[in-house]
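All chains are named by letter (A, B, ...) in the order of the sequence lines, taking the proteins before the strands, and each is independently numbered beginning at 1. This is a predicted model, so every value here is computed, not measured.
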Protein chains: 2
Amino acid sequence: MSRLNYHHLYYFWRVAKHGNLTATAQQLAISQSALSAQINQLEHSIGQPLFTREGRTLVLTELGQTVLNYAEDIFQRGEELQQLLKQGTLALPSLKIGVLSSMSRNFIDTFIQPLMQQNDVHFQLIARPQPELQELLAQHQLDIILTNHELPSNDEIAWQSQLLARQPVSVIAPQPLAHLPTQIDASYREQRWVVPSYASPLRATFESFCTQHELAPDIIAEADDMAMLRLLARDSGALAVMPAVVVRDELLSGLLSKRFELPNSFENFYAVTLSRKYQHPLLPSLLQATQHLS
Amino acid sequence: MSRLNYHHLYYFWRVAKHGNLTATAQQLAISQSALSAQINQLEHSIGQPLFTREGRTLVLTELGQTVLNYAEDIFQRGEELQQLLKQGTLALPSLKIGVLSSMSRNFIDTFIQPLMQQNDVHFQLIARPQPELQELLAQHQLDIILTNHELPSNDEIAWQSQLLARQPVSVIAPQPLAHLPTQIDASYREQRWVVPSYASPLRATFESFCTQHELAPDIIAEADDMAMLRLLARDSGALAVMPAVVVRDELLSGLLSKRFELPNSFENFYAVTLSRKYQHPLLPSLLQATQHLS
DNA sequence: TTAATCGTTCGTTAAAATAGAACGTAACTA
DNA sequence: TAGTTACGTTCTATTTTAACGAACGATTAA
């Protein structure tokens, strides 16, 4: 390897971020063949492949992921410089927040509250299922993801999970059932229930709670999406199991009421970032501001 | 400006850091003419000069300094990546510490103590007069400078001064004078003195102290270099005015003794860095470790 | 005044990047 | 299962870019 060719690296960056050579070539206004050749040269000069050709797509190798992380730092800063040179000012880049589709929007609303105060800040919310979120974050298309899955850091990618909040899981009742006691007792035996599906760790907690209190619940509906659970809680007339934050507004308006919390059961909310040298300038303050969103 | 040419920027980086086109061309193993042409192209694509041609040297413009800061971040990280690709590991780059030539070496010794504990750390000490230190730091040839001048940040360069320690200024006596009282009195009137020169802010403090106590000192020698003052204190037989840390070893061995401290007079020691996105990884811990080196 | 140093300019040559066409697979679709 | 589309690779010809070297100009040092 003589000397790193930054133009090759730049092309690699664009392709790796985007995951698609043809489309990237169009963006860059050059031919695929040129792009392909340049990336081959980069791989050749490094001596190892950065992509594996799987089917008709390019997939980053482990080394490729590492190089992408460096490239991101390098060209992120380069783009900043270009903006400075062109416009004379440095607009804060938009903060890209990935959120798990099935998560409570109320929780997210609380998280981004500090951002909404500042009016010079742009941010994007991108709702996706968990695997997609991880892929987008790895490709530096997101700055942060909000999820209830903790992501332990592995060799390939240095995830950084930070626990933002622990929400106790509550039993929520519609108005007709608002008279039920605030502790579990026999009156709960004959009720109908709406619960999270087995996809959620909450379900297991609920099941063990039932076993403990010899409750054989009549489950009429289940869902893994908090927005859906919220609607079921509101409209089904049954008892519902979920973190109270999901139906925050309904609890405030009196439409629903919280009967009690399941003991020792929590839903955890995490902020996951990539540990990089460069980070979005708003991230540190945002993560500090939301140390305890309970 | 179409798109930033990273190879041009790379050449600019090398030249700006080094401050000399011919020598840089040799390092890069290309001709001056090629280098000159590339940098001209960069300036042309930006639309503004990065250097002013003063005499036969290149001097960074204010914009040039800004671009250099970005380039430093970009290529610093690029060099890291290259090292990783070549050697498979990431050796910590050597920490380059600039020190003011006239400062006490004992103080510096204390500062770098934490570095000497770790045996995987390389560092370089570069002693220069103040103006050169500033220039080298601005060119990113140094990571940090240790000095007794505070450098307020200006528009052109974002200096960051951190007060490391305040050393009280003491009157130091050789053994034959060790009997002098630990407060100023008439017995000090007939003594001979060694003092810092007017280049040092200490001198003014000493003068005002003299006025206050109606002391007209018989000054036999002055110096602006602490190492030199130390020798004078040791060998002249006269009283000496300086921070005690300068003659730490001699005080411990009893060769010299501290009589008293000048009231409200301190020498301040600062660590000056450039506020950048990227910093040497050791800097933060080092600056924290030495919060109070008194 | 002379010589050495340093950067620029110019014409020529060498090297690198690019487009375009042909090719090879994989995935979709009907 | 055959036809079609999507995607990446390879090859050659062409264009663009970078490079050298010599000549030049200006500044500093001897």
OP1 or OP2 of [N] under 4.0 Å from side-chain N/O of [X]:
X	N	answer
A:Asn5	C:dA16	no
B:Ser36	C:dT8	yes
A:Gln38	C:dT18	yes
B:His8	D:dT17	no
A:Asn20	D:dG8	yes
A:Gln41	C:dA16	no
B:Thr22	C:dG7	yes
B:Arg53	D:dA26	no

*Determine yes or no for a side-chain-to-main-chain donor-acceptor pair under 3.5 angstrom, with A:Gln82 supplying the side chain and B:Leu4 the backbone.*
yes
Establish, yes or no, whether a centroid distance under 6.0 Å links the rings of [X] and [Y].
X	Y	result
B:Phe269	B:Phe111	no
A:Tyr6	B:Phe75	yes
B:Phe12	B:Phe51	yes

Could you give the [atom1]-to-[atom2] distance, from [X] to [N], as a whole number of Å?
X	N	atom1	atom2	result
A:Glu54	D:dT9	CD	P	13 Å
A:Leu50	D:dG8	CG	P	15 Å
B:Gln27	C:dC6	CD	P	13 Å
A:Tyr6	D:dA18	OH	C1'	18 Å
A:Leu35	D:dG8	CG	C1'	10 Å
A:Ile39	D:dC7	CD1	C1'	13 Å
A:Gln32	C:dA21	CD	P	12 Å
A:Arg14	D:dG8	CZ	C1'	19 Å

Between [options], which nucleotide has the shortest distance from any of its atoms to the side chain of [X]?
X	options	value
A:Tyr11	D:dG8, C:dT18, D:dA22	C:dT18
A:Leu21	D:dT9, D:dC20, C:dT18	D:dT9
A:Ile30	C:dT18, D:dT10, D:dA19	C:dT18
B:Arg56	C:dG7, C:dT18, C:dT5	C:dT5

*Mark yes when over 12 heavy atoms from residues, nucleotides or ligands other than B:His149 sit less than 6.0 Å from its NE2; otherwise mark no.*
yes
*asked:* Go nucleotide by nucleotide along DNA chain D from the 5' end; which of A:His7 and A:Ser33 gets its closest nucleotide reached first?
replied: A:Ser33
*Would you classify A:Ala29 as touching base, sugar-phosphate or nothing, given that sugar-phosphate means primed atoms plus P, OP1 and OP2, and contacts are heavy atoms under 4.0 Å?*
sugar-phosphate
*Do the charged groups of A:Arg128 and A:Glu135 touch, with an N to O distance under 4.0 Å?*
no
